[in-house]
Amino acid sequence: MDLNLSEELVLLRNLAKGFTDERIRPAAAEIEREHRVPRALIDAMAEAGLMGVAVPEEYGGAGLGEMGLCIVMDEITRGDFSVAVTYGAHASIGAMSVLVGGTSAQLKRFLPEMASGKLLGAYALSEAGAGSDPAAMTTTARKDGASWVIDGEKVWITNGDMADIITVFTVTDRERGARGGITAFLVPRESKGVTIGKREEKMGQRGSATVTISFEDVRVSDDNRLGGVGDGFKIAMGTLDRGRLALGANCLGCAREAHAMSVDYATQREAFGKPISDHQAIQWMLADNACDIYTMESLVYRTAWMCDQKRAFGRESAMTKLVCSEALDRVVDRAVQIHGGMGYSAEYKIEQLYRDARVTRIYEGTSEIQRLVIARDVIKRGS
Ligand code: COS
């Protein structure tokens with residue numbers, strides 16, 4: 001593995017960092033206050049050329065793979081987690097579901113518009129009774145002539161009320177379940193019969209839109225069926241392998257931000273006649289944060305490299321998501337501790353980072369599901 005970033009990836013990191021400093025940071029307080037990421041900010045990311053980072057060049061993207069996507073996620077999460085999650089629902093699991101499962105006609109039809117940001121994507125797998133066990137979903141699709149008719153309800157859909165095109169997973173053969181019974185469709189949000197519910201009020205990442213979507217007799221053409229009939233579960237899981245990795249990069253960016261704020265605070269705040277960074281109790285927390293961040297960084301970029309090398313990376317992606325989300329929780333917890341009373345005040349951003357971090361151990365597969373994925377692979381393929 002070559003640890004040097006290519007010239008293109010260095011330029012990409014600078015671009016994402018510049019965008020974060022100039023556009024995301026100044027907007028972050030309002031995003032948190034209003035519980036809304038403005039579409040104009042997403043459009044600005046598109047103008048900056050960030051929406052199709054991992055889309056291959058032949059389909060209009062930058063062709064910088066998961067390494068590129070993780071670099072962008074790492075940088076923009078430092079500015080605001082909600083913006084990064086909004087971006088990720090499109091650039092990671094939305095567009096990547098098309099890349100993972102699309103036919104060659106679909107890659108040509110959808111990816112260029114997704115890479116340019118003209119079509120904003122979203123990914124609809126979870127249901128009220130099917131979170132950790134998506135094969136238990138009840139949303140159905142039935143063939144009717146040359147089209148399909150979708151009925152059911154999806155929950156916790158990031159970008160659900162902003163997206164132009166939503167990857168929806170449905171049951172087409174109840175008996176076969178996860179093995180050939182689930183089929184994915186690319187459903188335009190404006191389709192007749194699609195109803196968007198209200199936004200969830202959440203503990204953290206409050207700016208990102210999380211909604212319920214109902215489908216009532218929603219008719220989509222067979223051309224919008226993603227991949228083959230019955231391929232849906234594998235497409236869902238293959239996409240989540242990438243999503244979990246990118247989420248590790250989100251955790252890394254958030255941890256870096258919390259750590260940088262902690263170092264600044266600890267070197268300025270004085271107690272017992274000297275900066276608190278001169279006290280060993282604080283030094284140990286800073287050291288532990290630095291170790292956690294180094295671990296996260298190593299896992300994220302090694303796993304991204306494996307994905308881009310087209311090696312199997314499902315176990316490694318689950319390990320990255322598990323370790324990074326749990327490490328982030330430790331980092332933000334220490335960051336609050338270092339900030340003392342100020343860390344508990346809503347006037348300091350550290351309080352928001354503490355809340356933003358918590359869901360990373362839950363969404364895109366809980367820590368318990370990641371352990372299950374890792375253990376099954378260890379048993380099947382060896383340690
Ligand atoms: N890539 C491609 N195919 C995969 C896969 C992957 N990462 N993981 C599983 N599959 C395939 C299996 O190979 C199997 O097919 P074959 O029998 O033909 O080999 C099929 O899918 C069923 O796999 P499995 O038996 O492992 O399915 P389970 O129902 O036991 O589910 C877990 C496995 C629990 C890992 C899965 O349901 C999961 O990830 N749950 C969490 C979902 C989640 O993250 N939700 C969050 C919301 S999405 S934002």
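Scope of the values below: all heavy atoms of this structure, side chains included, with no hydrogens, waters or symmetry mates.
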* Treating Ile, Leu, Val, Met, Phe, Trp and Tyr as nodes and any side-chain heavy-atom pair under 4.5 angstrom as an edge, say whether Phe185 and Val171 lie in one connected cluster. => no
Could you give the side-chain donor-acceptor pairs of residues 332-343 under 3.5 Å, partners two or more places apart or in another chain?
residue: Arg334; atom: NH1; partner: Asn289; partner atom: OD1; Å: 2.7
residue: Arg334; atom: NH1; partner: Asp292; partner atom: OD2; Å: 3.0
residue: Arg334; atom: NH2; partner: Asp292; partner atom: OD2; Å: 3.3
residue: His339; atom: ND1; partner: Ala335; partner atom: O; Å: 2.8

* Asked: Would you find a donor on one side and an acceptor on the other, under 3.5 Å apart, between the side chain of Ser6 and the backbone of Leu9?
  -> yes
* To do: For the residue pair Ile42 and Met51, establish whether any side-chain heavy-atom pair is separated by less than 4.5 Å.
  => yes
* Return the set of residues passing side-chain hydrogen bond (donor to acceptor under 3.5 Å, both in side chains) with Asp329 (not counting sequence neighbours), or none when no residue passes. => Arg361
* Are side-chain heavy atoms of Ile76 and Met45 found at a separation under 4.5 Å? -> yes
* Show which residues join Leu299 in its hydrophobic cluster (side-chain heavy-atom contacts under 4.5 Å, direct or indirect), or state none. => Val323
* Asked: What about Leu111 and Ile93, same hydrophobic cluster or not, with Ile/Leu/Val/Met/Phe/Trp/Tyr joined at side-chain heavy-atom distances under 4.5 Å?
  -> yes
* Ile71 CD1 to Asn14 CG distance, which is reported to the nearest 0.5 Å -> 10.0 Å
* To do: Check the hydrophobic clustering (I, L, V, M, F, W, Y; side-chain heavy atoms under 4.5 Å; chains of links allowed) and say if Leu252 and Val10 are grouped together.
  => yes
* Report yes if the side chains of Glu75 and Leu12 come closer than 4.5 Å at any heavy-atom pair, otherwise no. => no
* With sequence neighbours left out, which residue pairs that include part of residues 374-383 fulfil the side chain to side chain donor-acceptor pair (under 3.5 Å) condition? -> Arg315-Asp377, Asp377-Arg381
Which side-chain N or O atoms in residues 227-241 pair as donor and acceptor under 3.5 Å with protein atoms at least two apart or in another chain?
residue: Asp231; atom: OD2; partner: Gly228; partner atom: N; Å: 2.8
residue: Thr239; atom: OG1; partner: Ile235; partner atom: O; Å: 2.7

* Between Glu257 and Arg25, is there a salt bridge with N-O shorter than 4.0 Å? -> yes
* **Partner residues of Glu316 under the salt bridge (charged side-chain N to carboxylate O under 4.0 Å, His left out) criterion, sequence neighbours left out** => none
* Linked, directly or transitively: Tyr123 and Leu226 (ILVMFWY side chains, under 4.5 Å) -> yes
* Only counting residues at least two apart or in another chain, list the ones meeting side-chain hydrogen bond (donor to acceptor under 3.5 Å, both in side chains) with Ser97. => Thr167
* To do: May I ask you to decide if Ala105's main-chain N or O and Arg109's side chain share a donor-acceptor pair within less than 3.5 Å?
  => no
* Asked: Do we see a donor-acceptor contact under 3.5 Å between the side chains of Thr183 and Thr172?
  -> yes
* To do: Return yes if some donor-acceptor pair links the side-chain N/O of Ser208 with the main-chain N/O of Gln205 below 3.5 Å, else return no.
  => yes
* Asked: Yes or no on salt bridge (Lys or Arg N to Asp or Glu O under 4.0 Å) for Arg355 and Glu32, after CA distance, side-chain angles and deciding distance?
  -> CA-CA 12 Å; Arg355 287 185 289 100; Glu32 175 68 3; 3.0 Å; yes
* **Check ion pair Glu297-Arg256 (N to O, under 4.0 angstrom)** => yes
* Is the count of non-hydrogen atoms from other residues, nucleotides or ligands lying under 6.0 Å from Glu22 atom CD greater than 12? -> no
* More than 12 heavy atoms of other groups within 6.0 Å of Arg39 CZ -> yes
* To do: Apply side-chain contact (heavy atoms from CB on, under 4.5 Å) to Ser325 and Leu247, showing your working.
  => CA-CA 8 Å; Ser325 59; Leu247 181 49; over 6 Å; no
* Does Met73 offer a backbone N or O that forms a donor-acceptor pair with the side chain of Thr77 under 3.5 Å? -> yes
* To do: May I have all residue pairs that pass side chain to side chain donor-acceptor pair (under 3.5 Å) and include part of residues 266-285, sequence neighbours excluded?
  => none
* Asked: Do you see a donor-acceptor pair shorter than 3.5 Å between the side chains of Thr320 and Thr303?
  -> yes
* Is a side-chain donor or acceptor of Asp80 paired with a backbone partner of Ile24 at a separation under 3.5 angstrom? -> no
* Look at Arg78 together with Asp74 and state whether they make a salt bridge at an N to O cut-off of under 4.0 Å. => no
* To do: Find out whether Met296 and Cys251 are in side-chain contact, i.e. whether some heavy atom of one side chain is under 4.5 Å from a heavy atom of the other.
  => yes
* **Any Ile196 side-chain heavy atom under 4.5 Å of Arg189 side chain** => yes
* **ring-ring contact (aromatic ring centres under 6.0 Å, His included) contacts in which one or both residues fall within residues 295-320, not counting sequence neighbours** => none
* Ile213 with Val168, same ILVMFWY side-chain cluster at under 4.5 Å -> yes
* Asked: Is there a side-chain contact between Ile157 and Thr212 (heavy atoms, below 4.5 Å)?
  -> no
* Minimum side-chain heavy-atom gap Tyr87-Val53 below 4.5 Å -> yes
* Polar side-chain atom of Gln106 near backbone of Asp223 as donor-acceptor pair, under 3.5 Å -> yes
* Atom pair OG1 (Thr210) and OH (Tyr363), whose distance is rounded to the nearest 0.5 Å -> 9.0 Å
* Keeping the roles fixed (side chain from Arg23, backbone from Ala44), state whether a donor-acceptor pair exists under 3.5 Å. => no
* Structure fact -> Applied to residues 32-85, the ring-ring contact (aromatic ring centres under 6.0 Å, His included) test, sequence neighbours excluded, yields none
* Contact check, side chains of Pro188 and Asp164, non-hydrogen atoms, under 4.5 Å -> no
* Answer yes when Arg199 and Asp161 have at least one side-chain N-carboxylate O distance shorter than 4.0 Å, and no when they do not. => yes
* To do: Just jot down the side-chain contact (heavy atoms from CB on, under 4.5 Å) partners of Arg371, sequence neighbours excluded, or say none.
  => Leu322, Glu326, Ser367
* Step by step, work out the salt bridge (Lys or Arg N to Asp or Glu O under 4.0 Å) result for Glu364 and Lys321. => CA-CA 9 Å; Glu364 293 204 29; Lys321 201 268 185 186; over 6 Å; no
* Mark yes or no for whether Ser92, through its side chain, and Ala89, through its backbone, hold a donor-acceptor pair below 3.5 Å. => no
* Does CD belonging to Gln309 count more than 12 external heavy atoms closer than 6.0 Å? -> yes
* To do: Give a yes or no on whether the backbone of Glu66 and the side-chain of Asp308 come within a donor-acceptor separation of less than 3.5 Å.
  => yes
* Asked: Looking at SG of Cys307 and CZ of Arg242, how far apart are the two atoms once the value is rounded to the nearest 0.5 Å?
  -> 4.0 Å
* **Check: Glu216 side chain, Val194 main-chain N or O, donor-acceptor pair, under 3.5 Å** => no
Side-chain donor-acceptor distances from residues 142-154 under 3.5 Å, at least two apart:
residue: Asp144; atom: OD2; partner: Arg219; partner atom: NH1; Å: 3.1
residue: Asp144; atom: OD2; partner: Arg219; partner atom: NH2; Å: 2.7
residue: Ser147; atom: OG; partner: Asp144; partner atom: O; Å: 3.4
residue: Ser147; atom: OG; partner: Arg219; partner atom: NH1; Å: 3.0
residue: Trp148; atom: NE1; partner: Asp222; partner atom: OD1; Å: 2.7
residue: Asp151; atom: OD1; partner: Asp217; partner atom: N; Å: 2.8
residue: Glu153; atom: OE2; partner: Ser214; partner atom: OG; Å: 3.0
residue: Lys154; atom: NZ; partner: Leu125; partner atom: O; Å: 3.0
residue: Lys154; atom: NZ; partner: Glu127; partner atom: OE2; Å: 2.9
residue: Lys154; atom: NZ; partner: Phe169; partner atom: O; Å: 2.8

